[in-house]
Amino acid sequence: MIYMTAKRPIAYITAAWSGNRAADQERATQYCRQVYEAGYSPICPNLFLPTFLHESIPQEHKDGLDMAREYLRRSRLLVLCGNQVDETVKNDIAVAQRLHIAATTLEGILTVKGQGQQNDE
């Protein structure tokens, strides 16, 4: 017998990144892992767009912003990670609100996930 599993909803990861590529990628990877473990398919443009786009080239910078917005549009959830809010995070929140995409914090997702597990004892 074949069992169908529910697809994981896409969760767009946003944060106020420091600009230190190595540190930001490590943080993004940790955020994505936690969101994945909470049952979502995380997408974080900060993890992969800088691997092939050059921020210093104006057209590529613009293309990166456009691609990130498209990923957000296709997401079911916006997840705010970290303790700081910058202009990028504010813009992501505004886009999510305009498109009626739910937004929450990473802590919110983990709290809900933890509540469900406590009942299993």
Side-chain angles (χ1 to χ4, degrees):
M1 178 177 260
I2 298 175
Y3 293 97
M4 299 294 286
T5 58
K7 291 183 179 181
R8 293 170 174 264
I10 296 173
Y12 183 97
I13 309 302
T14 190
W17 306 111
S18 69
N20 176 325
R21 180 138 165 73
D24 288 346
Q25 284 204 316
E26 184 176 326
R27 283 179 45 220
T29 300
Q30 291 170 356
Y31 295 152
C32 286
R33 181 65 196 190
Q34 291 176 303
V35 170
Y36 165 76
E37 288 176 352
Y40 295 87
S41 293
I43 187 156
C44 183
N46 189 59
L47 272 177
F48 62 89
L49 290 181
T51 63
F52 62 88
L53 291 178
H54 301 285
E55 282 285 313
S56 60
I57 300 172
Q59 184 60 49
E60 292 192 19
H61 173 78
K62 181 191 176 309
D63 290 344
L65 294 175
D66 290 345
M67 284 186 248
R69 290 292 168 260
E70 182 60 27
Y71 294 127
L72 176 55
R73 281 185 199 95
R74 293 172 183 246
S75 299
R76 174 102 39 96
L77 181 68
L78 172 66
V79 182
L80 309 161
C81 300
N83 297 320
Q84 297 180 346
V85 175
D86 65 3
E87 285 305 310
T88 300
V89 174
K90 288 178 185 178
N91 288 335
D92 289 341
I93 293 168
V95 170
Q97 287 176 337
R98 191 175 74 244
L99 298 174
H100 306 290
I101 297 169
T104 188
T105 61
L106 178 58
E107 292 78 18
I109 287 176
L110 299 178
T111 298
V112 170
K113 179 181 179 247
Q115 294 297 322
Q117 291 177 347
Q118 288 176 356
N119 293 335
D120 294 341
E121 295 177 6

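Just the heavy atoms: all of them, side chains too, but no hydrogens, waters or symmetry mates, feed the values below.
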Practice task
Apply side-chain contact (heavy atoms from CB on, under 4.5 Å) to L77 and Y40, showing your working.
Solution key: CA-CA 9 Å; L77 181 68; Y40 295 87; 3.6 Å; yes
Problem - Full working for side-chain contact (heavy atoms from CB on, under 4.5 Å) between Y36 and R8 - result: CA-CA 9 Å; Y36 165 76; R8 293 170 174 264; 3.5 Å; yes
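Remark: R74 CZ is loosely packed, at most 12 non-hydrogen atoms of other residues, nucleotides or ligands lying under 6.0 Å away. The local environment of CZ in R76 is sparse, with at most 12 non-hydrogen atoms from other residues, nucleotides or ligands closer than 6.0 Å.
Here CD of Q30 is found 10.5 Å from CG of L106. Values are rounded to the nearest 0.5 Å. Taken from CH2 in W17 to CD in Q25, the straight-line distance is 9.5 Å, to the nearest 0.5 Å. The distance from the OG1 atom of T14 to the CD1 atom of I93 is 7.5 Å, given to the nearest 0.5 Å. To the nearest 0.5 angstrom, L80 atom CG is 9.5 Å from E107 atom CD. Taken from CG in N83 to OG1 in T105, the straight-line distance is 10.0 Å, to the nearest 0.5 Å. Distance CZ/R98 to NE2/H100: 10.0 Å, rounded to 0.5 Å.
Across all non-hydrogen atoms, the minimal contact from V35 to V79 is CG2-CG1, 4.2 Å. The two residues C44 and C32 make their nearest non-hydrogen contact at CB-SG, 3.7 Å. In terms of heavy-atom proximity, A16 sits nearest to D86 at CA-OD2, 3.4 Å. The shortest heavy-atom contact between P50 and L47 is CD-C, 4.4 Å.
Ring planes of F48 and Y71: perpendicular class, angle over 60° (limits at 30 and 60°).
Between D24 and R27, at least one side-chain N (NZ, or NE/NH1/NH2) sits under 4.0 Å from a carboxylate O, which counts as a salt bridge.
Cluster membership check: L99 shares its hydrophobic cluster with I10, using side-chain heavy-atom separations under 4.5 Å among Ile, Leu, Val, Met, Phe, Trp and Tyr. The cluster map of Ile, Leu, Val, Met, Phe, Trp and Tyr, joined by side-chain heavy atoms under 4.5 Å apart, puts L78 and I43 in the same cluster. In the hydrophobic cluster analysis, where Ile, Leu, Val, Met, Phe, Trp and Tyr join through side-chain heavy atoms closer than 4.5 angstrom, I101 is grouped together with M67. Note: the hydrophobic cluster containing L49 does not contain L65 (ILVMFWY, side chain heavy atoms under 4.5 Å, direct or indirect links). Under a hydrophobic clustering in which Ile, Leu, Val, Met, Phe, Trp and Tyr are joined whenever their side-chain heavy atoms come within less than 4.5 Å, directly or via other members, I109 and Y12 fall into different clusters.
Side chains of Q84 and V89 form no contact here, defined as non-hydrogen atoms less than 4.5 Å apart.
One side chain, D63 or Q59, offers a donor N or O that lies under 3.5 Å from an acceptor on the other.
Listed for the E55 side chain is no donor-acceptor partner under 3.5 Å among the backbone atoms of H61.
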